[in-house]
Amino acid sequence: MFQGTNVVNGAENHPVHLHGYSFYVVGTGFENFNNETDPKNYNLVDSLELNTVGVPKYGWAAIRFRAVIQEYGSCIVTWNGMLLGAWRLF
């Protein structure tokens, strides 16, 4: 789950991606993510498979993905745009 805190007063939304992965966007919303109520509205049946999601300004986006770690290598996930605590990842 990505939470846009807008510490740096930037654009309307911020694109976020996982290098080398596609993922399913199971939910998005505005304001702070609520651990008790927001997951009840997740779309786990026919969610969109994307490689980039725009996290709304002062909003959140929840994703679902399978991390595959290869036998003879390492899995490095790079998060762009996370300076100054601008994003929280759960």
Review point. Do Val53 and His17 have side chains that get closer than 4.5 Å, going by heavy atoms?
Key: no
Practice item. Taking the side chain as every heavy atom from C-beta outward, state whether Phe33 and Pro39 have any atom pair closer than 4.5 Å. Key: yes
Using 0.5 Å steps for rounding, measure from the [atom1] atom of [X] to the [atom2] atom of [Y].
{"X": "Leu50", "Y": "Tyr24", "atom1": "CG", "atom2": "OH", "value": "10.0 Å"}
{"X": "Arg64", "Y": "Tyr42", "atom1": "CZ", "atom2": "OH", "value": "11.0 Å"}
{"X": "Glu31", "Y": "Trp60", "atom1": "CD", "atom2": "CH2", "value": "11.5 Å"}

Point to revise | Shared hydrophobic cluster, Phe30 / Ile63 (ILVMFWY, side-chain heavy atoms < 4.5 Å) | key: no
Check your understanding: Can you hop from Leu48 to Tyr21 via hydrophobic side chains spaced under 4.5 Å?
Key -> yes
Practice item. Kindly check if the number of other-residue, nucleotide or ligand heavy atoms within 6.0 Å of CD (Glu49) is above 12? Key: yes
Revision key, fill the gap. Heavy-atom nearest pair, Gly29 first then Pro56, reads O-CG, 3.9 Å
**Study point:** Verdict with reasoning, Val25 to Ser47, per side-chain contact (heavy atoms from CB on, under 4.5 Å)
**Key:** CA-CA 6 Å; Val25 178; Ser47 52; 5.8 Å; no
Practice item. Establish, from distance only, whether the side-chain atoms of Asp38 and Asn35 form a donor-acceptor pair under 3.5 Å. Key: no
Review point. Who passes side chain to side chain donor-acceptor pair (under 3.5 Å) against Asn51, sequence neighbours left out?
Key: none
